[in-house]
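Here the structure is laid out as structure tokens; the discussion comes afterwards.
Computed from a prediction, not measured in an experiment: that's the story for all the values here. Indexing begins at 1, ligand by ligand and atom by atom, following the structure's order. Reckoned from all heavy atoms, side chains included, excluding hydrogens, waters and symmetry mates.
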Amino acid sequence: MTAAELGQLNLEEPPSPRPIRTVDCFQILQQIGEGTYGQVYMAKEVKTGQIVALKKIRTENEKEGFPITAIREIKILSKLQHENVIKLKEIVTSQEAEEHSDELSAENSNYNGSVYLVLEYMDHDLTGLSDRPGLRFTVPQIKVSLSQCYMKQLLSGLHYCHANEVLHRDIKGANLLLDNNGSLKLADFGLAHACPDHHKANLTNRVVTLPYRPPELLLGATKYGPAVDIWSAGCIFAEFLCGKLIMFGRNEPEQLHKIFELCGSPDETIWPGVSKMPWYNNFKPARPMRRRLREVLLHRLDTHALDLLDRMLTLDPSKRISAKDALDAEYFWMEPLPCDPNLPKYESSHEFQSKKKRLQQRLKEEIAKRQKLPYPPPHVRLPPIQRAGPPFQEHWGETNYSMSRYQRIPSSGPSKPYSNPVTDASLPSRYPPRGYNPSHGSQAGPVPAGQYHLHGRAGPYRGSSMPNRSTTDGYAAGPSGYSHGNQYGVNAGHGPNSVASNRNQQYGWQQQG
Ligand SMILES: Nc1ncnc2c1ncn2[C@@H]1O[C@H](COP(=O)(O)OP(=O)(O)OP(=O)(O)O)[C@@H](O)[C@H]1O
């Protein structure tokens, strides 16, 4: 990797040629993730015994060949080298049918040739860990120092990406990986975008999972910058401190409304140019709403946390704090200083596993409930046909059934409360062509993590210092020249979403009982 100036990530530079190994060099142990674009497995390198994560790139359904999301993830991850960014170790392939484990689904067993990203393995993702039963923040001190520690790493990773002109565009709990030593790393760069000047490019606004999506994207901006990731990080920060998402809408208009309720509705005074945004007139509230963030959270957060959150959740992206300045915020420099979180060694917890456990638990409960219920119900006088089976209606909540118990009427509402980004049917992948220009990219490689510790203050955390200068002051340019694209609606709030079931998640690491 070429050592390079800050902010110069050369995606065009071909990766150094290396013989590509086959997936047979690894023994798959278990599935730990299921993304929109493939499965993730925990695996062991046969020769060394080293544990890694294998992210399989699903190509079966790709009409247009190898998915552009995967190409981008590989290109970007192979250049980024930072302690808070997941490391791509190598790419491996398989040529023939795979029968590595029971976890592999039948659909894969006859698949002819796959590509896997070999990533360093992390014990948890934030969503999975926070879903663990018995884990709660109970002592304010722990809450503060853990959120400081993880937020600092999140912001350090983001600062590194932004300094290298990479936007992540999907910051959320499931994409923040943690290990039992307290490290946090950014993962899933499938929606990331790398280009020297984001503000000049015409980008898709259908990125970032809904509860973490910033107002500029919800108002239709197609020119935006690193501030989008800062908004998402602000949502994570609030989630850490409050134990739940503070703004959660089931679709785009509702999400925008939740933002306005807490952060105030924007006007030309607080956000110059907002009235010219493509969807402003459609979504501006009937009456102005004042910003209530500080008063709502006053009793939950201390002043420094509140100050930082306030600046991260600033409506106008050009005024939103940068990752670099956020790292300099008082919050990270007050006592207690961010420390290594003294996490108990939990068994791995990924969102996929916690979802699976919840599903199994629910099934068990259903079965137990059914067994307890007198059957057929004693007081119900039903025609014989309706007595012949289990009482579905009582057990299956809001699902509608037709007169015949076995014929399910699909519910009219959305199956999941909000959509994954870029689910527009017209777009072949998570990377719509208009959002990607492969010719963008500068001529040198990224800054190696080792050379990246240039911060003004001595770093109190984990013995490392932080960057003290950034060449990416990408926040100055406000949005301009918005395209008048589609309004909300296509797939609004109806697609799959990997965090949908974790709305009441608690972030905390103090075990109860
Ligand atoms: N290196 C890793 N170590 C441990 N677990 C991982 C690793 N990479 C991914 N995972 C797990 O797999 C999940 C899905 O991974 P990832 O987000 O990269 O896949 P994706 O197909 O892009 O998913 P999505 O559709 O949510 O964007 C993560 O939330 C995490 O739980």
Side-chain angles (χ1 to χ4, degrees), residues 26 28-45 50-62 66-74 76-77 80 83-92 103 114-132 157 168-181 183-192 206-213 232 236 346-357 416 418-423 429-431 495-502 505:
F26 297 90
I28 289 181
L29 302 175
Q30 60 167 317
Q31 185 172 352
I32 51 173
E34 172 80 65
T36 322
Y37 300 95
Q39 296 90 352
V40 183
Y41 301 99
M42 179 188 189
K44 185 164 82 175
E45 188 177 15
Q50 193 187 34
I51 299 294
V52 295
L54 291 182
K55 181 168 173 176
K56 184 178 180 183
I57 308 301
R58 191 181 284 158
T59 49
E60 304 93 76
N61 303 325
E62 289 290 328
F66 198 72
I68 185 79
T69 54
I71 295 174
R72 289 185 157 199
E73 182 159 28
I74 292 167
I76 291 177
L77 272 186
L80 295 177
E83 60 188 352
N84 300 122
V85 175
I86 199 75
K87 186 173 163 54
L88 174 63
K89 296 159 90 72
E90 64 178 300
I91 308 285
V92 294
E103 300 282 344
S114 292
V115 173
Y116 296 80
L117 274 58
V118 184
L119 301 157
E120 63 182 314
Y121 175 78
M122 299 291 282
D123 302 298
H124 320 280
D125 65 57
L126 189 55
T127 303
L129 186 61
S130 61
D131 252 7
R132 282 190 81 91
H168 185 284
R169 304 198 302 180
D170 198 13
I171 294 295
K172 62 177 178 180
N175 291 338
L176 302 180
L177 303 181
L178 312 170
D179 67 17
N180 276 328
N181 300 318
S183 295
L184 175 148
K185 295 182 197 258
L186 308 183
D188 191 2
F189 280 71
L191 278 177
R206 293 190 62 77
V207 285
V208 187
T209 300
L210 195 53
Y212 304 91
R213 199 177 298 171
S232 313
I236 296 270
Y346 291 116
E347 68 176 88
S348 76
S349 31
H350 298 94
E351 188 193 35
F352 173 77
Q353 293 156 323
S354 54
K355 264 186 184 170
K356 205 162 137 186
K357 274 186 199 150
K416 298 270 172 68
Y418 49 83
S419 62
N420 244 357
V422 198
T423 50
S429 70
R430 287 200 295 183
Y431 272 94
N497 194 294
S498 56
V499 294
S501 51
N502 292 294
Q505 56 190 245

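The atoms of ligand 1 that sit less than 4.0 Å from any heavy atom of Asn175 are 17 (O). Remark: ligand 1 atoms within the under-4.0 Å shell around heavy atoms of Leu119 are 1 (N). Close approach to Leu177 involves these atoms of ligand 1, each under 4.0 Å from a residue heavy atom: 1 (N), 2 (C), 3 (N), 6 (C), 7 (C), 8 (N), 30 (C). Close approach of ligand 1 to Ile86 is summarised as follows: ligand atoms under 4.0 Å from at least one heavy atom of the residue are 1 (N). For ligand 1 and Gly33, the ligand atoms under 4.0 Å from any heavy atom of the residue are 12 (O), 13 (C). Heavy-atom contacts of Glu120 reach the following atoms of ligand 1: 1 (N), 2 (C), 3 (N) (cutoff under 4.0 Å).
For Glu45, the side-chain hydrogen bond (donor to acceptor under 3.5 Å, both in side chains) partners at least two apart in sequence or on another chain are Arg21, Thr48.
Residue Tyr121 has no N or O atom closer than 3.5 Å to an N or O atom of ligand 1. Residue Lys55 places at least one N or O, backbone or side chain, under 3.5 Å from an N or O of ligand 1.
The CD atom of Glu73 lies 9.5 Å from the CG atom of Leu191; values are rounded to the nearest 0.5 Å.
Between the side chain of Lys185 and the backbone N or O of Glu83, at least one donor-acceptor pair lies under 3.5 Å. Remark: the backbone N or O of Ser183 is not paired with any side-chain donor or acceptor of Asn181 at under 3.5 angstrom.
Using a 4.5 Å heavy-atom cutoff, the side chains of Leu29 and Ile51 are in contact. Looking at His168 and Asp170, their side chains come closer than 4.5 Å, going by heavy atoms from C-beta outward.
Looking at Ala53 against ligand 1, only its side chain comes within 4.0 Å, counting heavy atoms.
The pair Asp188-Lys172 does not count as a salt bridge, with every side-chain nitrogen at least 4.0 angstrom from each carboxylate oxygen.
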